[in-house]
Protein chains: 2
Amino acid sequence: MSIKGLFPIDKWDFKSESIFADLRPEDFELLTAHKSEHVYKKNDILFREGTYPSGIFFINKGKVKKYKVDKDGKEQIIYLANTAQLIGYHAILSGDRYPDSAAVMEESVITFIPKEDFLKTLDQSPALNKRLLKTLSHEFAVLANSLTMFAQKTVRERLALQLIVIREKHKVDAVEGAPVEINISREDLASLVGTARENVIRILTEFKEKGILETKGRKIIVKDINTLIKIANHK
Amino acid sequence: MSIKGLFPIDKWDFKSESIFADLRPEDFELLTAHKSEHVYKKNDILFREGTYPSGIFFINKGKVKKYKVDKDGKEQIIYLANTAQLIGYHAILSGDRYPDSAAVMEESVITFIPKEDFLKTLDQSPALNKRLLKTLSHEFAVLANSLTMFAQKTVRERLALQLIVIREKHKVDAVEGAPVEINISREDLASLVGTARENVIRILTEFKEKGILETKGRKIIVKDINTLIKIANHK
DNA sequence: CTTGAAAAGTGACTTTTTTCAATTCTAAAA
DNA sequence: TTTTAGAATTGAAAAAAGTCACTTTTCAAG
């Protein structure tokens with residue numbers, strides 16, 4: 001997935017290839033033996049930083065934020081996970097506690113798979129091992145990229161970049177052809193970009209005045225993605 | 001490794017448990033069948049971002065920086081690797097190109113293991129698979145932590161934190177009992193902290209005036225680690 | 001259709017960080 | 001020991017980002 005060749009999205013977001021794509025039927029059987037499905041409401045919490053993991057979560061449909069909270073309660077969003085993505089496996093693999101929290105951003109349908117089944121499947125499936133190694137090292141590269149972005153880009157550039165990335169993500173669940181409406185609170189946007197809410201609002205206003213985007217209630221509609229790309233790449 | 005219980009270093013740095021610790025002898029044999037050892041000089045480059053990986057590098061003794069360079073040539077250090085650490089495996093696992101570059105920071109002895117041997121060993125060793133999954137997910141957590149730090153802490157706080165982390169790393173190769181001399185250019189320090197060199201220098205001067213550290217030529221000696229910890233944690 | 005609480009937006013001001021243009025220092029090589 | 005290039009340092013000014021106090025808008029429950 002790329003925008004005019006300029007913007008390889010998988011440099012900025014995790015590949016969406018399914019982690020379970022090449023499992024043998026018997027492995028898939030074992031993995032999903034005790035799965036359960038739930039509908040979560042907005043703001044429901046899937047897991048909390050510092051607790052021990054009980055299983056993994058597959059997002060059938062919806063949006064989930066992974067975030068960390070610092071001493072002052074300030075939230076930092078690490079990643080926005082979408083429909084068809086799996087979360088919560090890092091802690092199980094590392095044998096440690098969850099390094100971050102996860103909360104549902106809009107009503108979502110999510111499948112839970114107990115830790116034991118995941119680990120058992122991992123023991124008997126070389127394909128799953130290989131796939132997870134690939135996924136994790138790719139995720140690492142994406143995160144390293146984010147780090148560089150935080151260290152070197154201005155808030156304005158980071159916001160432009162995130163708007164592009166979020167818009168791409170929204171496409172997954174969007175109606176074909178219709179303009180993509182980005183539905184995210186200014187607070188979450190600020191937390192994703194790593195700045196204050198007021199700052200985000202000011203820059204959004206500037207973008208609106210320049211015709212780069214429009215708002216419809218609280219939703220954001222990108223009108224001029226090329227300028228947004230230019231801004232994100234500037235420096 | 002922790003400092004007064006306050007500061008779990010493995011939250012800020014990768015575990016130094018050897019990745020090869022629990023390999024069977026025959027797997028270790030296969031892995032090291034075609035290894036080669038070289039002495040690298042300061043500023044030698046091990047690999048460059050965007051190139052295809054040819055193997056993995058084990059640091060027998062020395063210091064290596066992993067970094068990314070942006071369009072303007074500005075360098076961002078992602079990680080400082082030390083004696084007994086392994087680098088360059090992410091790209092091989094992801095099946096992609098190197099996401100960052102690696103350069104030697106001081107004369108270093110480094111063992112090279114060809115990609116083919118690494119992959120073959122990976123195919124026949126469940127222990128290596130397990131260990132790598134554990135390592136990668138831990139590394140991911142550390143990087144997520146760094147990201148949060150970049151997004152939420154001031155330059156002053158980040159510099160304090162990095163000084164603590166670097167000092168811990170220097171201990172590995174330091175003479176027992178002697179004061180730890182941090183040997184890093186202001187430029188590299190700035191690149192690690194994600195700011196301008198001048199900014200680093202000003203804050204170092206401030207720390208010096210407050211008796212938190214001393215300099216000996218270009219080397220930095222931490223005198224009051226507790227204050228440094230307080231500064232790093234403030235917010 | 002109202003309405004109240006949460007979210008969004010504004011303005012003024014402060015602090016932090018960057019930038020640029022010097023000058024001084026350090027360490028390695030001659 | 002001297003030389004000298006690269007590294008470190010300093011000062012001043014501009015720009016970016018953060019903070020605080022407040023007003024307006026939105027949206028969903030009643």
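Side chains included, hydrogens not; waters and symmetry mates left out as well; all remaining heavy atoms used. A quick note: this is a predicted structure, and the numbers were derived from the prediction, not measured.
- With sequence neighbours excluded, the residues satisfying side-chain hydrogen bond (donor to acceptor under 3.5 Å, both in side chains) with A:Y89 are A:E139.
- With sequence neighbours left out, the side-chain hydrogen bond (donor to acceptor under 3.5 Å, both in side chains) criterion links B:E214 to no other residue.
- A side chain to side chain donor-acceptor pair (under 3.5 Å) check over residues 183-193 of chain A, counting only residues at least two apart or in different chains, returns the pairs A:K65-A:D188.
- In this view, A:K208 and A:T215 satisfy the side-chain hydrogen bond (donor to acceptor under 3.5 Å, both in side chains) rule, not counting sequence neighbours.
- Classified by interplanar angle (parallel below 30°, tilted 30° to 60°, perpendicular above 60°), the ring pair B:H90/A:F140 is parallel.
- Rounded to 10 degrees, the angle separating the terminal helix axes of the helix from C:dC1-D:dG30 to C:dA30-D:dT1, each built from five base pairs, is 40°.
- The distance between atom CD of A:E206 and atom P of C:dG9, rounded to the nearest whole Å, is 15 Å.
- A:K66 is linked by a salt bridge (Lys or Arg N to Asp or Glu O under 4.0 Å) to A:D100, counting only residues two or more places apart in sequence or in another chain.
- Distance B:K41 NZ to C:dA28 P: 15 Å, rounded to the nearest Å.
- Under the side-chain hydrogen bond (donor to acceptor under 3.5 Å, both in side chains) criterion, A:Q76 pairs with no residue, sequence neighbours left out.
- The nearest whole Å value for the distance from the CZ atom in A:F207 to the P atom in C:dG9 is 14 Å.
- The nearest heavy atom of DNA chain D to A:K219 and to A:A196 marks one nucleotide each, and the one closer to the 5' end goes with A:A196.
- Taking atom CD of residue A:E181 and atom C1' of nucleotide D:dT26, one finds them 15 Å apart after rounding to whole Å.
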Donor-acceptor pairs are to be reported for all side-chain atoms of residues 38-46 of chain A against protein atoms at under 3.5 Å, with residues two or more places apart or in another chain.
from  : atom 1 : to    : atom 2 : distance (Å)
A:D44 : OD2    : A:K41 : N      : 2.7

Q. How does each nucleotide of nucleotides 7-17 of chain D score, in 5' to 3' order, for protein heavy atoms under 4.0 Å: base (B), sugar-phosphate only (S), or none (-)?
A. SSBBBB----S
